[in-house]
Asks: 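So that we are looking at the same thing, I have put the structure below in structure tokens.
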Amino acid sequence: MKLADALILSLALALIIIGIHQTMTAGIGFSYSIFMFAVALLFWFQYRRTRAPEKPEKKSPPSIKKSKKR
């Protein structure tokens with residue numbers, strides 16, 4: 001996971017926690033935009049993970065065949 005992915009995921013989780021707090025104190029109407037922004041960040045995180053290039057398998061270096069000396 002890259003640093004940007006970790007930041008996006010952390011920010012989304014922090015917004016969910018803030019949204020839950022706002023829901024309990026002020027109601028869902030006030031926290032709706034916070035939840036929608038958190039969901040958008042989660043979608044962005046998932047998009048980045050699916051579009052990330054897969055790591056190529058490590059190829060072993062070609063073996064060098066020594067010729068037999070006569």
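The first residue of the sequence shown is numbered 1, and numbering continues consecutively from there.
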Asks: Does Phe37 have more than 12 heavy atoms from other residues, nucleotides or ligands lying within 6.0 Å of its CZ?
Replies: no

Asks: So how far is it from Trp44 CH2 to Asp5 CG, rounded to the nearest 0.5 Å?
Replies: 9.0 Å

Asks: Please give the remaining members of the hydrophobic cluster of Phe43, linking ILVMFWY side chains under 4.5 Å, ordered by chain and number.
Replies: Val39

Asks: Side-chain atoms of residues 15-25: list all donor-acceptor pairs with protein atoms under 3.5 Å, sequence neighbours left out, distances to 0.1 Å.
Replies:
| from | atom 1 | to | atom 2 | distance (Å) |
| --- | --- | --- | --- | --- |
| Thr23 | OG1 | Gly19 | O | 2.8 |
| Thr23 | OG1 | Ser31 | OG | 2.7 |
| Thr25 | OG1 | His21 | O | 3.1 |
| Thr25 | OG1 | Gln22 | O | 3.4 |

Asks: Of Leu13, Leu41, Leu3, which is the lone residue that meets side-chain contact (heavy atoms from CB on, under 4.5 Å) with Ile8?
Replies: Leu41

Asks: Rounded to the nearest 0.5 Å, how far apart are CE of Met1 and CG of Leu7?
Replies: 10.5 Å

